[in-house]
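For the numbers below, each heavy atom of this structure counts, side chains included, while hydrogens, waters and symmetry mates do not. Naming convention: chains lettered A, B, ... in sequence-line order (proteins, then strands); numbering from 1 in each chain.
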Number of protein chains: 2
Amino acid sequence: MDGYDKYAFEPFAVTVDLAVFTIRDGALHVLLVERGQEPYAGRWALPGGFVRPEESAETAARRELAEETGLQDVSGLHLEQLRTYSEPGRDPRMRVVSVAFTALLPDAPEAHGGSDAARARWTPYDAARNLAFDHDRILADAHERIGAKLEYTCLATRFCPPEFTLGELQQVYETVWGTTLDRPNFRRKVLATPGFVEAVPGGARLTGGRGKPAALYRAGPATTLHPPLLRPTSEGRTA
Amino acid sequence: MDGYDKYAFEPFAVTVDLAVFTIRDGALHVLLVERGQEPYAGRWALPGGFVRPEESAETAARRELAEETGLQDVSGLHLEQLRTYSEPGRDPRMRVVSVAFTALLPDAPEAHGGSDAARARWTPYDAARNLAFDHDRILADAHERIGAKLEYTCLATRFCPPEFTLGELQQVYETVWGTTLDRPNFRRKVLATPGFVEAVPGGARLTGGRGKPAALYRAGPATTLHPPLLRPTSEGRTA
DNA sequence: CCTCTTTATGGTCACTACGACTATAAAGAG
DNA sequence: CTCTTTATAGTCGTAGTGACCATAAAGAGG
């Protein structure tokens with residue numbers, strides 16, 4: 001931050017890009033918009049936009065999240081800065097530095113594409129490839145980040161509605177990690193972690209499921225998991 | 001990234017700020033520079049500078065790191081993006097978005113203050129307060145980040161010279177975390193983690209220490225710790 | 001109505017990891 | 001030679017967890 005008068009500085013455009021995840025039909029989905037203009041016209045991209053003069057990147061990201069999802073209240077949603085992408089050639093028109101964010105939604109509200117985004121669509125994560133700009137990379141980084149954070153935080157409840165069953169919570173882990181987990185062991189771990197989930201006073205779910213009705217839980221006050229809930233095959237990674 | 005023609009965008013200045021840590025005399029130190037001009041003239045700040053037109057933020061950060069430390073080869077040093085700070089009022093003169101990085105140095109080369117930074121100095125972390133801009137916040141975020149990463153990565157070896165003793169490695173943990181660790185248990189854990197450290201073929205250190213000479217180790221190929229090496233009192237955090 | 005399937009829930013058992021602790025070895029200081 | 005200091009080896013009990021097995025409670029289909 002020193003030397004303002006020693007080097008001239010180039011003006012940059014600053015944008016935010018959002019990797020918005022949800023779980024739909026037991027599969028991880030991400031919100032994409034279709035680009036209407038060059039470059040990358042017709043290609044899918046992460047939602048985002050310019051940071052306005054009076055905004056911070058976080059404020060801009062939450063504004064874009066509201067616009068793209070069409071949700072009335074996005075204040076309770078989990079929004080987290082991922083990292084900043086600043087490679088000189090990442091936008092062919094001009095020098096754009098983009099601050100990427102990750103957001104987690106409980107369930108997919110189908111109605112969206114509020115303001116400027118031409119078409120917005122929930123896309124299965126595995127099908128979200130060949131995106132515009134460096135968005136493939138951003139999306140992969142975001143996926144890796146949330147997978148890692150599930151291990152040592154209570155983030156998984158952010159994918160769930162206000163009241164949920166342990167089976168739904170387990171499905172969050174299985175969907176993001178792409179693995180299966182032993183149900184009794186998962187249950188034991190979650191219930192043994194104080195503040196992770198709290199039982200709903202007198203409720204059990206009946207109608208939907210095919211099997212025995214499951215108890216309902218809410219997200220607890222805890223934010224971190226000690227000890228962590230490690231992925232089955234996350235051992236011995238050398239690189 | 002859509003809507004280029006729909007909203008005018010403000011040009012931003014983009015800078016990098018570096019939180020460079022080392023361990024000196026058993027205490028965590030951070031590299032600071034003294035500002036020579038307004039605003040915050042005479043105050044200490046994190047080293048940093050503008051991102052040049054042809055650079056990425058990472059490139060700019062490594063260039064600044066070389067300039068401020070005066071080191072010939074900074075290519076092997078650990079440099080990691082922390083996060084981006086973009087609050088509208090964080091620089092009183094203009095709109096500046098800063099990408100913050102964290103760097104870890106094995107030992108403190110006293111000679112530095114290479115190019116534009118008036119005076120650069122290693123400062124004990126606990127004494128690095130009341131910095132310019134929002135650098136107190138950046139520094140605190142950086143400290144929290146490296147403390148957390150020590151738990152589940154092999155980052156601690158980045159604080160050590162090429163060959164080190166387990167006592168030195170333990171001191172890294174104790175210094176960053178501000179705790180004490182049980183020596184035999186720490187030793188057992190480190191040696192039981194494959195790829196964390198590797199014994200130097202036939203060496204033991206003699207001259208310096210007062211006690212029994214310690215075996216020398218090098219950093220191994222592993223990058224992550226499974227299971228993690230958790231801090232003594234990092235349990236039950238609710239907020 | 002009975003049986004099969006499905007999901008939820010409760011439990012056991014063995015093994016690993018770890019905190020707390022004791023003991024021994026090998027150096028320098030006095 | 002003894003004291004101090006640091007490194008290293010090992011022990012013991014407990015928490016956490018992976019791999020199971022068993023039971024309960026619902027719907028589906030005969």
Lys189(A) side-chain N/O to dT17(D) phosphate OP1/OP2 under 4.0 Å: yes
Under 3.5 Å, side chain of His143(B) to main-chain N/O of Val176(B), donor-acceptor pair present? yes
Give the C-alpha distance, both sets of side-chain angles, the deciding distance and a yes or no for side-chain contact (heavy atoms from CB on, under 4.5 Å) between Asp17(A) and Phe133(A). CA-CA 11 Å; Asp17(A) 284 316; Phe133(A) 304 105; over 6 Å; no
Nearest to the side chain of Ala215(A) - dT8(D), dA25(D), dT9(C)? dT9(C)
If I take atom CG in residue Leu225(B) and atom C1' in nucleotide dA17(C), what distance separates them, rounded to the nearest angstrom? 13 Å
Would you indicate which nucleotide in dA19(D), dA9(D), dT9(C) comes nearest to any side-chain atom of Lys212(A)? dT9(C)
Distance, rounded to the nearest Å, where His226(A) contributes NE2 and dT17(D) contributes P: 12 Å
Where the side chain of Arg183(A) is defined as all heavy atoms beyond and including C-beta, which of dT7(C), dC18(C), dT17(D) is the nearest nucleotide? dT7(C)
Heavy-atom nearest nucleotide on DNA chain D taken for Asn185(B) and for Gly167(B); more 5' hit belongs to Gly167(B)
What is the distance from atom CD of Glu168(A) to atom OG1 of Thr175(A), rounded to the nearest 0.5 Å? 11.0 Å
Strand partner of dG18(D), provided both Watson-Crick or wobble distances fall under 3.5 Å: dC13(C)
How are the rings of Tyr173(B) and Trp177(B) set relative to one another: parallel (under 30°), tilted (30 to 60°) or perpendicular (over 60°)? perpendicular
Considering Watson-Crick and G-U wobble pairs with both distances under 3.5 Å, what does dC3(D) pair with? dG28(C)
Send over the distance from Leu230(A) CG to dG16(D) P, rounded to a whole Å. 13 Å
Nearest whole angstrom, please: distance from the P of dT6(D) to the CZ of Phe164(B). 20 Å
Distance below 4.0 Å between Arg210(A) side-chain N/O and dA26(D) OP1 or OP2: no
Start with the C-alpha distance between Leu139(A) and Phe21(A), add both sets of side-chain angles, then the distance that settles side-chain contact (heavy atoms from CB on, under 4.5 Å), and finish with yes or no. CA-CA 10 Å; Leu139(A) 183 57; Phe21(A) 292 99; 3.8 Å; yes
Just how far, in rounded Å, is P of dA19(D) from CG of Asp182(A)? 8 Å
From the set dA17(C), dA19(D), dC21(C), return the single nucleotide nearest to any side-chain atom of Arg188(A). dA19(D)
Roughly how many Å is it from CD in Gln171(B) to P in dT6(D), rounded to a whole number? 10 Å
Given dC18(C), dG16(D), dC20(D), the nucleotide with the shortest approach to the side chain of Pro227(B): dC18(C)
Separation of Gln170(B) atom CD from dG19(C) atom C1', in whole Å? 14 Å
Consider the side chain of Pro184(B), meaning its heavy atoms from C-beta on, and name the nucleotide among dG16(D), dG19(C), dA9(D) that approaches it most closely. dA9(D)
